[in-house]
Amino acid sequence: MKLELRRIYIKDLQFGEKTSVNNGVLTVNKEELIAYLKEDKKVKDVKLDIARPGEKVRIIPVKDVIEPRVKIEGSGNGFPGVSSKMAQLGEGKVNVLFGAAIVTVGDIVGFQEGVIDMWGEGAKWTPFSKTYNLVVDITPVDGLDPHEHETTVRLVGLKAAEFVGEAGRNVEPDEIMTYEMGSIHEETAKYPNLPKVAYVEMLISQGLLHDGYIYGVNSQLILPTLIHPNEELDGAVISGNCVAACDKITTYQHQNNAVILELYAQHGKEINFLGVILTPELTTLEGKFRTCDYTAKLCKMIGADGAIVSEEGYGNPDSDLLMICKRLEKSGIKTVLITDECSGRDGMSQPLADTTPEAVAVVSTGNVSHVVKLPPADKVIGNAEAIATLAGGWDGSLGDDGSLSCELNAVIGSTSEIGYHNCTVKLY
Amino acid sequence: MVKEIERYGIPIVHMATIITISQSVGANRIVPTVAIPHPVGNPSLSAEGEHELRKSLVDKALKALTTEVSGITIFD
Amino acid sequence: MFFIEGTFEDVLIKIRDYVHQGVELVSHPLGASIRILFSPYRSVILGEKNNKINAYHIEIIESSIISYRNINAGRKIDYKNAHDYALIDVELLKVSLKSFKEINNNHINLFGGDSFETGA
Amino acid sequence: MSDKYKVLYYVNQFFGQIGGEEKAGMEPVFKNEKIGPAVGFESFLKGNGEVIGTIICGDNYFNEHKNEALSFIMKTVKEVKPDIVVTGPAFNAGRYGMACGVIAKTIVEELDIPAVTGMYIENPGVDTCKDKVIVVSTPDSAAGMRKALPVMAAITDKLMKGEELGLPEEEGYIPQGKRLTVFSDKRGSQRAVEMLIARLKGEGFKTELPMPEFDKVEPAPPIKDLSKATIALVTSGGIVPKGNPDRIQSASAQKWGKYDITALDKLEADYCTIHGGYDPVYANEKPDRIVPLDILRQYEKEGIIGKVSQYFYTTTGTGTSVGNSIKFGKEIGAELKADGVDGVILTST
């Protein structure tokens with residue numbers, strides 16, 4: 001498979017008459033986009049807003065982040081199986097509005113958090129303070145059940161990304177990234193002496209607000225599955241998870257999965273990258289045994305010498321992460337785990353909900369209970385009341401000057417367990 | 001306590017209701033017991049029944065003490 | 001169905017008592033994100049009572065209690081959103097039950113009823 | 001008037017220039033001058049701070065009369081009002097290390113005054129205080145004084161200036177066990193792939209999240225002939241003679257007790273539990289539910305086991321610190337060994 005991600009650098013975002021890209025400035029026709037999104041009969045109202053890097057703007061509660069793109073060659077524009085017709089992804093040419101993002105906000109439940117601060121202290125902690133964000137605030141019609149509500153908000157976000165992405169169709173890219181990889185046999189013939197590496201990407205697969213989708217299939221329903229890295233880069237995997245703000249994998253992060261990109265960068269040099277195994281994180285112990293055994297078996301079947309395993313979430317998925325590690329190590333497959341940790345506000349508690357001596361190589365992407373202080377914003381996009389959720393829960397979290405202390409777990413992408421961000425933990 | 005006693009070379013069996021391995025106290029020989037308030041008894045049984053139960057648990061403990069082990073071993 | 005008038009922690013402790021008596025743990029006691037640990041409600045599925053105590057289940061419930069206490073030290077339970085937490089709890093429970101049934105074709109009986117819940 | 005910050009120093013009888021082991025029983029005294037290492041220490045503060053006095057106490061006195069010693073020291077601290085307290089360095093001296101650690105930690109916890117000490121990594125005093133006190137990592141003997149003092153002084157100076165300390169290995173102190181979130185120059189995915197490549201090449205790598213280390217003990221060899229073996233009973237279930245003669249704490253135990261059971265066939269109403277962690281009804285009804293003496297005695301009579309050891313040992317497990325449970329284990333183990341015990345049954349609740 002060969003996929004070209006053709007990056008058009010976006011340097012500003014504004015509303016205007018024609019949805020278009022000119023000299024790196026992305027212009028969106030507000031009314032047109034709203035009208036398009038409201039074609040969905042379940043959408044009552046849509047509000048659009050813009051948040052640029054450096055502005056004293058806070059976005060809350062964030063549901064998902066999506067990169068606007070358009071496929072100009074090859075099958076399957078958008079998100080097949082979800083927002084567009086089914087198609088095989090992974091091949092062709094995609095124009096990417098690189099540096100822009102669609103950010104959806106929408107209250108599905110009252111305890112949602114997920115904050116993006118575009119400036120100052122808060123900006124350091126989220127990768128999405130650096131993107132030009134088109135914020136889509138969705139109010140569905142009354143009387144939807146929570147599942148329909150969630151689906152509606154999810155679909156609207158994806159459609160908005162498709163709509164905006166279309167603006168890049170005829171724009172010359174600034175940079176072309178090419179991702180090409182043949183069958184395992186072909187690649188192994190090319191690089192017979194390089195160690196073979198699989199990437200196991202775990203997905204929260206547990207129910208409402210705790211799901212992920214692969215070509216539209218709820219990951220709850222699958223056995224671990226082998227997927228070509230290009231398919232994920234091309235939009236095959238999307239997020240339906242909006243509780244774990246700090247470590248959920250947003251759709252944007254699937255489209256730009258940092259582990260995949262890093263493994264690709266080393267493919268043919270230091271390693272032979274075999275592919276991605278998507279593994280659901282189920283709630284029942286029997287389910288966990290099944291998926292963990294199956295994951296290890298897939299790694300063995302494709303002949304992996306090493307594997308990177310990334311987690312999504314904290315708590316019961318820790319068990320899956322370590323069970324997979326144990327099985328891989330016992331099969332002689334060298335494993336590196338990526339996880340965040342919950343070592344308490346003072347950093348002195350046991351970091352994971354489970355442990356295993358086989359986990360000798362672990363990358364930590366931060367302590368989800370680490371406290372950060374966020375100064376008051378000039379403007380809040382979304383639901384200002386949701387800030388109370390962030391501030392709630394413990395004493396001393398709201399300062400006299402209006403600043404608020406919150407734990408990293410509320411900040412989108414701060415402790416990304418696919419290693420999308422720079423946080424780590426050191427022992428002091 | 002278990003580890004320190006075993007360091008003297010005396011075999012020790014830990015009869016415990018909480019046999020958490022991850023938070024392990026380092027016991028090599030473990031016999032799981034009935035419940036926290038009555039590890040080697042069960043008030044819901046008759047006097048004879050309870051005696052038999054305790055006997056069987058002590059039997060397991062003695063079996064553990066007379067068995068060669070190479071690492072954490074649960075006798076149940 | 002057992003309903004425990006108390007907190008998430010009370011549910012975990014009750015489960016621990018049962019698991020120590022040989023009751024199987026069917027679903028994991030913790031949620032998949034730290035947010036869920038602030039919930040006033042939690043349902044967990046338990047299975048049959050066996051004569052044999054499952055060391056792995058004990059390990060899970062014990063470390064779940066430790067994790068719960070670590071995370072909630074100094075924190076208040078989020079009662080303000082209790083209604084929404086209840087909704088999510090029941091939704092996650094439905095998925096767990098469905099998954100449990102698919103795996104076991106109902107050949108394992110659930111203990112006593114099906115689950116634990118808190119109310120506070 | 002001086003705007004220098006005030007340091008109170010603590011040393012033992014030896015470094016306080018009173019005397020050696022023969023003076024180890026001396027009670028604490030306070031002298032409003034710099035003594036011993038305090039002199040050198042102050043010189044490394046570069047004029048930013050001054051040592052306003054030295055407390056000297058005998059190592060044995062401190063360890064044997066902890067409460068009295070601490071109350072004198074705390075009283076002195078309250079009177080002289082230092083900005084920071086420095087103890088030691090104690091190098092690898094165990095009793096001195098315990099004193100330096102306990103004093104420093106108590107001052108931090110009760111008076112909220114920062115404290116710095118110095119010890120060799122294996123000094124048992126390290127674990128008494130490292131979570132609350134900055135413990136500079138020193139060589140194992142006093143020959144390392146010249147290395148230790150500048151580091152202790154530099155850290156003291158930083159703390160007094162309100163500067164954040166860097167990584168333990170950079171600053172020279174023993175990690176306090178705090179896992180703090182910081183930014184790396186590489187994102188997580190890159191660190192993961194580099195770590196994997198290092199592993200695959202057989203090169204060194206360093207995990208960012210070490211799994212808790214389980215201190216394992218080689219299993220002791222099994223009992224060969226049970227019918228000749230002496231079996232001892234130990235419990236953390238808090239079973240004691242009624243009235244709790246040794247006043248063992250119901251939680252966070254500070255001590256253990258041993259009781260002669262030679263004359264008993266089972267544990268009855270004159271025993272009860274003082275354990276604070278569970279419902280005591282069942283244990284009080286029948287203490288054998290915690291310590292199965294009845295069965296063991298029966299087996300002794302039947303010749304299945306050689307004999308039941310003369311004493312059973314007891315403490316409470318709830319909330320008991322790791323340090324104490326290690327201490328109890330060592331002490332009880334030594335007695336069991338001396339009594340020729342062949343096997344131990346330890347029951348926990």
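Lettering of chains follows the sequences in order, A, B, ..., and the numbering in each one begins at 1.
Within a 6.0 Å sphere centred on NZ of A:K373, other residues, nucleotides and ligands contribute 12 heavy atoms or fewer. Environment of CD in D:E203: crowded, with over 12 heavy atoms of neighbouring residues, nucleotides or ligands closer than 6.0 Å. By the 6.0 Å contact criterion, NZ on A:K190 is enclosed, its count of non-hydrogen atoms from other residues, nucleotides or ligands being greater than 12. Heavy-atom contacts from other residues, nucleotides or ligands closer than 6.0 Å to CD of D:E122 number 12 or fewer. Within 6.0 Å of CD on D:E169 lie more than 12 heavy atoms contributed by other residues, nucleotides or ligands.
Top candidate by heavy-atom pairs under 4.5 Å with chain D, chosen from A:T424, A:V336, A:V425, is A:T424. The residue among D:V193, D:L200, D:L196 with the most heavy atom pairs within less than 4.5 Å of chain A is D:L196. With chain A as the partner, the residue from D:A198, D:P175, D:P210, D:S184 showing the most heavy-atom pairs under 4.5 Å is D:S184. Per-residue heavy-atom pair counts under 4.5 Å with chain D were compared for A:A258, A:P195, A:P127, and the maximum is reached by A:A258. When the candidates D:K178, D:M211, D:E194 are compared by the number of heavy-atom contacts under 4.5 Å with chain A, D:K178 comes out ahead.
Residue contact with chain A, scored on non-hydrogen atoms closer than 4.5 Å, involves the backbone of D:D185 exclusively. There is no contact between D:I174 and chain A, counting heavy-atom distances below 4.5 Å. Using a 4.5 Å cut-off between heavy atoms, D:I197 contacts chain A through its side chain alone, with no backbone atom that close. Only the backbone of A:A307 comes within contact range of chain D, judged by heavy atoms closer than 4.5 Å. Contact annotation for A:D305: both backbone and side-chain heavy atoms come within less than 4.5 Å of a heavy atom of chain D. Heavy atoms closer than 4.5 Å to chain D are found in the side chain of A:I271, but not in its backbone. Heavy-atom distances place no part of D:K206 under 4.5 Å from chain A, backbone and side chain included. If you measure heavy-atom distances from A:Y420 to chain D, the contacts under 4.5 Å come from both the backbone and the side chain. Looking at A:I338, only its side chain comes within 4.5 Å of chain D, counting heavy atoms on both sides. For A:L352, the part lying under 4.5 angstrom from a heavy atom of chain D is the side chain only. Of the atoms belonging to A:T415, not a single heavy atom falls under 4.5 Å from chain D.
Under a 3.5 Å cut-off, the side chain of D:T207 and the backbone N or O of A:V362 do form a donor-acceptor pair. The main-chain N or O of D:L180 is never found under 3.5 Å from a side-chain atom of A:N367 such that the two would form a donor-acceptor pair. With hydrogens and angles disregarded, no donor-acceptor distance shorter than 3.5 Å links the side chain of D:R179 to the backbone of A:G344.
Shortest non-hydrogen contact noted between A:Y428 and D:L165 is CE2-O, 3.7 Å. The two residues A:V360 and D:F205 have their closest heavy-atom pair at O-CE1, 3.5 Å. For the pair D:M195 and A:A361, the tightest heavy-atom approach, listed with the atom from each and the gap, is SD-CB, 3.6 Å. In terms of heavy atoms, A:S364 sits closest to D:R191 at O-NH2, 3.0 Å.
Separation of atoms NZ (D:K201) and NZ (A:K334) is listed at 13.5 Å; rounding is to 0.5 Å.
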Next on the checklist: What verdict does the salt bridge (Lys or Arg N to Asp or Glu O under 4.0 Å) test give for A:E329 and D:R199, after you've listed the backbone C-alpha separation in whole Å, the side-chain angles of each residue and the deciding distance to 0.1 Å?
Outcome noted: CA-CA 12 Å; A:E329 289 285 339; D:R199 278 202 81 183; 2.6 Å; yes
Next on the checklist: Is there a side chain to side chain contact (heavy atoms under 4.5 Å, CB included) between D:E208 and A:V363? Walk through the geometry before answering.
Outcome noted: CA-CA 5 Å; D:E208 297 176 1; A:V363 166; 3.4 Å; yes
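Between A:H421 and D:F183, the angle of the ring planes goes over 60°, which puts this pair in the perpendicular group of the 30/60° scheme.
Annotation: side chain of D:L209 is not in contact with side chain of A:L337 (no heavy-atom distance under 4.5 Å).
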